[in-house]
K.L.:
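I am attaching a structure below and will ask some questions about it afterwards.
For the numbers below, each heavy atom of this structure counts, side chains included, while hydrogens, waters and symmetry mates do not.
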Amino acid sequence: MHIDVYGSTLCALVTAGTLASTGHQVTLRVPEGDVAGQLERNECPFREPGLPELLSEQRAAKRLKVGRLVDAPATPVSTVFLALELDDVELAHDIVARLADLKRQFWLLVNQSSFPVGTTDKLQQTLGDVGAVVSLPDLLQEGVAVQSFMRPPQLLLGSNDPYAESLVREILRPVSRLRDQFLVMTPKQAEFSKFAVMGMLATRVSFMNDMASLADALEVDIEPVRQAVGADPRIGQAYLYPGCGFGGPSLSRNVMDLASTLASSGVGSELLDQVLRINERQKEVMFRKLWRHYHTRLEGKVVAIWGAAFKPGTGRIDNAPVLRLLEALWAQEVTVRVHDPQALPVLHQHYGTRDDLVLCEDAYDAARDADALILVTEWKQYWNPDLVRLKTLMRAPVLLDGRNIYDPQFVRRHGFAYYGVGR
């Protein structure tokens, strides 16, 4: 089948590469900008495991090519995936209107974009009676995006058209052979389900962060409590890890959009508002612990940070906890030395060159002469550090564990002052 994928998002690139890998002839149409330039140079815009290899292989096999967003699809194309940025609703309507004018026999438009609830139905009005628009919400997890597309636990499909549904099932048959992973509903229900899923995940994280704050006050270790809660089969272990807040372009933005949608509809959600407040407060939890450790005197200190990306496996810093932490430290005239396996170029692009920000290619170099080390992103390479070497390098052995990945007693036996989240 000949398919066009519109967008410069991670979802667009993963969709295009994966569909090409299953035999479809795919054209990825991207708007002008950085992503288009990188693809033109055969570079991958996202530091996503497996994605550079996937795109390179499919382009070499000539099943995937990159085209301009403004150009019309080739004659054989009658299926289009829209995986646009969150704010590109107007662009989506423009694309659909141009497709409608081409008057093909039947257009299938698959909307993967995280647009407001009801957008798919409005796109259908723009398309008119020359085809069908369905919703297939983007549920990819960054860091495992290719794998989560190829082996999805479920596929939410919002469709009012049986023929369109059958086409989507055929296109995605290679990724749903083991069982029927489709949950079919109306487009509005599919769009709302995506936001509800994100809201639930964010609520679980914020609940455990609230419990961790209470554990600190009661001098209770949150780790056995977390294990006990997760052991209950009615609850399970997923998203119950307290830490220094969540970020990312998907989870945090989707929760904010859901809260905004509820507020604008007159319903409102005190729960989601509280979830967002807890998360923003949690992004400064490590700063507050450091501030108390040094009795509010942080001026002139040097602080090392391990991990800037919003999660392991990605180089993105969208809404990442490190952004709030950096601002808080700089407000106290602290010099910050940062290491991250993938996010340093983006961090430099975000903040530019400044005297109080040192980007380090080596994790131990970041800790050199530091008055404290803060673990923000739990990359695997940080899990078992050489504590003897670390203590030798640092000016003061203070370790703040923003993801509770270390054993407090083991770290303290090596002479460190240790602070976790609810530990």
Side-chain angles (χ1 to χ4, degrees), residues 1-7 9 11-29 58 63-65 67 69 72-84 92-93 95-115 118-140 146 148-194:
M1 194 176 292
H2 292 262
I3 298 172
D4 276 13
V5 178
Y6 283 74
T9 61
C11 176
L13 271 64
V14 170
T15 298
T18 306
L19 292 180
S21 74
T22 62
H24 297 291
Q25 295 295 320
V26 181
T27 299
L28 173 62
R29 299 197 176 278
Q58 298 313 310
R63 286 188 294 267
L64 172 65
K65 62 180 181 179
L69 187 141
T75 303
V77 175
S78 60
T79 298
V80 169
F81 281 70
L82 297 178
L84 302 170
H93 280 282
I95 292 170
V96 173
R98 285 191 279 120
L99 294 176
D101 289 340
L102 295 176
K103 300 188 184 304
R104 299 279 163 88
Q105 187 174 2
F106 182 88
W107 282 109
L108 170 64
L109 266 70
V110 182
N111 178 29
Q112 297 177 287
S113 314
S114 295
F115 293 150
T119 302
T120 299
D121 287 340
K122 292 177 181 177
L123 291 173
Q124 180 67 69
Q125 294 173 9
T126 301
L127 183 64
D129 58 1
V130 296
V133 185
V134 302
S135 173
L136 187 73
D138 165 23
L139 293 173
L140 298 181
V146 175
S148 59
F149 191 100
M150 291 296 290
R151 297 179 180 85
Q154 75 280 325
L155 292 162
L156 303 180
L157 176 59
S159 175
N160 295 319
D161 187 304
Y163 178 61
E165 178 189 333
S166 69
L167 284 178
V168 174
R169 286 180 177 273
E170 175 58 27
I171 292 168
L172 297 178
R173 179 169 47 82
V175 304
S176 59
R177 285 191 68 192
L178 295 179
R179 61 182 177 85
D180 186 0
Q181 279 126 318
F182 283 93
L183 298 174
V184 183
M185 54 195 76
T186 68
K188 262 191 177 181
Q189 289 167 341
E191 292 165 334
F192 189 75
S193 294
K194 191 264 178 71

K.L.:
Kindly state each residue pair satisfying side-chain hydrogen bond (donor to acceptor under 3.5 Å, both in side chains) with at least one member in residues 19-29, sequence neighbours excluded.
P.N.:
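Sorted result for residues 19-29: Asp4-Arg29.
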K.L.:
Compare all side-chain heavy atoms of Asn111 with those of Pro187 and state whether any distance is below 4.5 angstrom.
P.N.:
no
K.L.:
How close do Ser148 and Leu140 get, heavy atom to heavy atom, and via which atoms?
P.N.:
OG-CD2, 3.5 Å
K.L.:
Could you tell me whether the side chain of Leu108 reaches within less than 4.5 Å of the side chain of Ile171, counting heavy atoms only?
P.N.:
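Contact flag for Ile171/Leu108 side chains = yes.
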K.L.:
Check whether any side-chain heavy atom of Leu19 lies under 4.5 Å from a side-chain heavy atom of Met1, and answer yes or no.
P.N.:
no
K.L.:
Mind listing the closest non-hydrogen atom pair of Pro137 and Ala190 along with its distance?
P.N.:
CG-O, 3.4 Å
K.L.:
Considering non-hydrogen atoms only, spot the tightest contact between Thr120 and Ser135 and give its length.
P.N.:
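Shortest heavy-atom separation between Thr120 and Ser135 comes out as OG1-CB, 3.6 Å.
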K.L.:
Do Glu191 and Lys188 meet the salt-bridge criterion of a basic N to acidic O distance under 4.0 Å?
P.N.:
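So Lys188 does not pair with Glu191 through a salt bridge.
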K.L.:
Can you measure from CG (Leu155) to CG (Leu183) and round to the nearest 0.5 angstrom?
P.N.:
8.0 Å
K.L.:
Is it true that, when you exclude Asp101 itself, more than 12 heavy atoms of the residues, nucleotides or ligands shown sit nearer than 6.0 Å to its CG?
P.N.:
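For Asp101, atom CG is crowded (more than 12 foreign heavy atoms under 6.0 Å).
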K.L.:
In Å and rounded to the nearest 0.5 Å, what is the OG1 to CG distance from Thr18 to Leu64?
P.N.:
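CG of Leu64 is found 10.0 Å from OG1 of Thr18.
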K.L.:
Are there over 12 heavy-atom neighbours, none belonging to Arg151, within less than 6.0 Å of that residue's CZ?
P.N.:
no
K.L.:
Any pair with a residue in residues 155-168 that passes side-chain hydrogen bond (donor to acceptor under 3.5 Å, both in side chains), sequence neighbours left out, goes on the list, sorted by first then second residue, please.
P.N.:
Glu165-Arg169
K.L.:
Does the side chain to side chain contact (heavy atoms under 4.5 Å, CB included) test come out yes or no for Leu127 and Leu123, once each step is laid out?
P.N.:
CA-CA 6 Å; Leu127 183 64; Leu123 291 173; over 6 Å; no
K.L.:
Please check if the side chain of Arg63 supplies one atom and the backbone of Ala20 the other of a donor-acceptor pair under 3.5 Å.
P.N.:
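The answer is yes, because a donor-acceptor pair under 3.5 Å joins these two groups.
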K.L.:
Enumerate donor-acceptor pairs with a distance under 3.5 Å from any side-chain N or O in residues 74-83 to protein atoms, sequence neighbours excluded.
P.N.:
none

K.L.:
Looking only at heavy atoms, which two atoms of Ala72 and Leu102 are closest? And how far apart?
P.N.:
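Distance-wise, the nearest heavy atoms are CB-CD1, 4.2 Å.
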K.L.:
Compare every heavy atom of Leu28 with every heavy atom of Gly7, then report the nearest pair and how far apart it is.
P.N.:
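Looking at all heavy atoms of both residues, the closest pair is O-CD1, 3.7 Å.
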K.L.:
How long is the span from the CG atom in Leu139 to the CD atom in Gln112, to the nearest 0.5 Å?
P.N.:
10.0 Å
K.L.:
In chain order, what residues pass the side-chain hydrogen bond (donor to acceptor under 3.5 Å, both in side chains) check against Gln125, with sequence neighbours excluded?
P.N.:
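Scan of Gln125 (side-chain hydrogen bond (donor to acceptor under 3.5 Å, both in side chains), adjacent residues dropped) gives none.
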K.L.:
Are side-chain heavy atoms of Pro73 and Tyr6 found at a separation under 4.5 Å?
P.N.:
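Side-chain contact under 4.5 Å: yes.
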K.L.:
Does the side chain of Trp107 come within less than 4.5 Å of Val96's, by heavy atoms?
P.N.:
no
K.L.:
Is a side-chain donor or acceptor of Lys194 paired with a backbone partner of Asp138 at a separation under 3.5 angstrom?
P.N.:
yes
K.L.:
Report yes if some heavy atom in the side chain of Leu84 is under 4.5 Å from a heavy atom in the side chain of Ile95; otherwise report no.
P.N.:
yes
K.L.:
Does Leu172 form a side chain to side chain contact (heavy atoms under 4.5 Å, CB included) with Phe149? I'd like the steps, not just the answer.
P.N.:
CA-CA 10 Å; Leu172 297 178; Phe149 191 100; 4.2 Å; yes
K.L.:
Could you check whether any side-chain heavy atom of Val175 comes within less than 4.5 Å of a side-chain heavy atom of Pro152, counting everything from C-beta outward?
P.N.:
yes
K.L.:
Going by the rule side-chain hydrogen bond (donor to acceptor under 3.5 Å, both in side chains), which residues pair with Thr126 if we only count those two or more places apart in sequence or in a different chain?
P.N.:
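Checked Thr126 against side-chain hydrogen bond (donor to acceptor under 3.5 Å, both in side chains); matches are His93.
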K.L.:
Identify, with sequence neighbours excluded, every residue that meets side-chain hydrogen bond (donor to acceptor under 3.5 Å, both in side chains) alongside His2.
P.N.:
none
